Protein chains: 2
Amino acid sequence: MSETAGRVGGGMLAHRVPDLGALELLLAVARLGSLGAAAREVGISQPAASSRIRSMERQLGVALVDRSPRGSRLTDAGALVTDWARRVVEAAEAFDAGAQALRDRRDSRLRVAASMTIAEYLLPGWLLALRAQRPDTAVSLLAGNSTAVAERLLADEADLGFVEGLTVPPGLDSTVIAHDRLIVVVAPAHPWARRRRPLAAAELAATPLILRERGSGTRQVLDAALGGLARPLIELSSTTAVKASAVGGAGPAVLSELAVGEELAMRRLVSIPVEGAALRRDLRAVWPTGHRPTGPARELLSLTRG
Amino acid sequence: MSETAGRVGGGMLAHRVPDLGALELLLAVARLGSLGAAAREVGISQPAASSRIRSMERQLGVALVDRSPRGSRLTDAGALVTDWARRVVEAAEAFDAGAQALRDRRDSRLRVAASMTIAEYLLPGWLLALRAQRPDTAVSLLAGNSTAVAERLLADEADLGFVEGLTVPPGLDSTVIAHDRLIVVVAPAHPWARRRRPLAAAELAATPLILRERGSGTRQVLDAALGGLARPLIELSSTTAVKASAVGGAGPAVLSELAVGEELAMRRLVSIPVEGAALRRDLRAVWPTGHRPTGPARELLSLTRG
DNA sequence: TCTCGCTCATAAGACCAGCTTATGCCCTCA
DNA sequence: TGAGGGCATAAGCTGGTCTTATGAGCGAGA
């Protein structure tokens, strides 16, 4: 009854989950062992913290902290809730780091241009790490395809770029910073999910697939690996749409492994091994030939290596 | 203290990140292509949605949607923001699924008992998947060590358990549902981060390590793998504390790979390969001997297999 | 033993963000 | 040329969260 429509919990999440301020406060309580100290840390008064924690406990229906005249410690349930809360806050921190870079446009000391996949999945983490090292480095971010990244760099409108294509655009130097693999995924109900032997490349090429549109980095790599022959079942213009379609059982999809970590872990999708196709691709940092990254750009680059 | 560098404006996150309701609304706009439709979906009026999106744009300093008399589409920046928002919302959904299970105690159709690591990192995802399949299954969760899990099951206070120890408690049947590895991690500044060859087991045994307390599942596996000889540098009572200590550079730590995915991806920690020690462990579902899981328990079990 | 210092709880009032309803304009399509 | 869907603006209400002021429990040191 709590869920009116088909979407499980669609839209009512905010009423069931404490807001970010409350979750942050809870983390502070866990770390500092006192409501008052936590209140000071997040910049509110002690009664405000007390009442906020209390209303969180009311909302969740669970006691989270054991209060005593000598401080407050988490209950067992509270420890668990705090761990889950930490994930939410970390996601919010990544959001913040990304959003901040999106805003700054002008007057930023480090201007980054990145391909969509990298901007989506990796950059927020890098920006957080950079912020930890150099808190006052203002970063601006522009996301686009390889061509757009190259244009920005060559027009001196960006200091450092990240691309995921097969080739490095002319006029740029690069270094490989990580690898990515394209993987074939299906919904757990799909017959392929029960295969015992890897898929042959020819078989993959012969099967209509849910794909990104022609011209996307993902599509390029796939076409190259199969010899230019990938057959589209549906063509969609965002990774998210492809994922949703695959989860919904429309058919097999080919996606970056970066994009489907969560779905694989939750078994909403199953990965099918493929044999005989080079689905690995390099992720590269790029910069105008001869202009080795220096200063903040060098710093960020060193964070991405490993 | 341990966080001096990392915490940039610690506690002001809630002022810089839109609240969960706004993020959910944005996802709905992205999916439905219209502010009004999104408003209907999340159960608010169209002007409310309009104003909420607008104030989010003001807060982030970026235009998120292109409004037209025929609907609203995301801008490029909006698409990126939406992808980051999705991660926050997904983390919040996992929080919700977990919290709901923590609350229900009584009158739940499926009572689960799980070890801490599993409850922390895996169970919320499983519960979400279960909820997607069987929206009206009320689940209750109790987290504790292997012994506590066994007690609950044998006292018929739980229907299904999950443990991560080396041995299956007596009186229980089990099946392996996944594997976990303990890994050695250090801060990037630690000398080991620059090693080129794997660490020998003997070397690991000889080095004082940041560890969970004696009696924890993690510690048991490590002691067994090293022959009962792990030397503690510090003993801490939660995975989180161990992680924080290692990130702070206190020394090498041994942790489940489940616990450090994020930290490795962001290079706050570096994983050191180890040679000659069996650091793999099984994660198992358990139930009272002879009472094979049925109904919702069977359903949940089938979600965890792969 | 008294008192200081820390803890948390309660009470009363201010404030603001977000909601609703009512309305208007723009555009497209039949 | 209306009908209908899309979005924006305006005015007023409400509720949650903040603040300050205060009280009460417990422990450590003079």
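Values in this document were obtained by computation on a predicted structure and should not be read as measured data. Protein chains get the first letters and strands the later ones, always in sequence-line order, with residue 1 at the start of each.
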Hey, are the side chains of Thr218(A) and Leu255(A) touching, using non-hydrogen atoms and a 4.5 Å cut-off? no

The side-chain contact (heavy atoms from CB on, under 4.5 Å) partner of Leu142(A) among Arg111(A), Arg152(A), Glu157(A) is Arg152(A)

Taking atom [atom2] of [N] as reference, at what distance in whole Å does atom [atom1] of [X] sit?
X	N	atom1	atom2	answer
Gln59(B)	dA17(C)	CD	C1'	12 Å
Leu35(B)	dC19(C)	CG	P	13 Å
Ile53(A)	dT10(C)	CD1	P	15 Å
Asp19(A)	dG18(C)	CG	P	11 Å
Leu20(B)	dG16(D)	CG	P	17 Å
Glu57(B)	dA8(D)	CD	C1'	13 Å
Arg58(B)	dC16(C)	CZ	C1'	13 Å
Arg40(B)	dT20(C)	CZ	P	13 Å

Assess the residue pair Arg67(B) and Glu57(B) against the criterion (salt bridge (Lys or Arg N to Asp or Glu O under 4.0 Å)); give the C-alpha distance rounded to whole Å, side-chain angles, the decisive distance to 0.1 Å, and a yes or no. CA-CA 13 Å; Arg67(B) 297 140 173 92; Glu57(B) 290 178 315; 2.7 Å; yes

Does anything in residues 64-76 of chain B come within less than 4.0 Å of DNA chain C? Heavy atoms only, and list the residues if so.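 Within this stretch, Pro69(B), Arg70(B) sit under 4.0 Å of the strand.
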
Can you find a side chain N or O atom of Ser50(A) that sits less than 4.0 Å from OP1 or OP2 on dC8(C)?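 For Ser50(A), the contact criterion (side-chain N or O under 4.0 Å from OP1 or OP2 of dC8(C)) is not met.
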
Name the pairs: protein N/O against N/O of nucleotides 18-22 of chain D, kept only if under 3.5 Å.
unit_1: dC18(D); atom_1: OP1; unit_2: Arg52(A); atom_2: NH1; d: 3.0
unit_1: dT19(D); atom_1: OP2; unit_2: Ser45(A); atom_2: N; d: 2.8
unit_1: dT19(D); atom_1: OP2; unit_2: Ser45(A); atom_2: OG; d: 2.8

Of all the choices, dA8(D), dG18(C), dT17(D), which nucleotide is nearest to the side chain of Arg54(B) once you look at every atom?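 For Arg54(B), the side-chain atoms sit closest to dA8(D).
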
Short side-chain to backbone donor-acceptor contact, Glu41(A) and Val29(A), under 3.5 Å: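 Not confirmed, Glu41(A) side chain does not pair with Val29(A) backbone.
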
Measure the spacing between NE2 of His15(B) and CD of Glu24(A) and express it to the nearest 0.5 Å. 8.5 Å

Just wondering, are more than 12 heavy atoms of other shown residues or ligands nearer than 6.0 Å to CZ in Arg219(A)?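 Correct, the count exceeds 12.
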
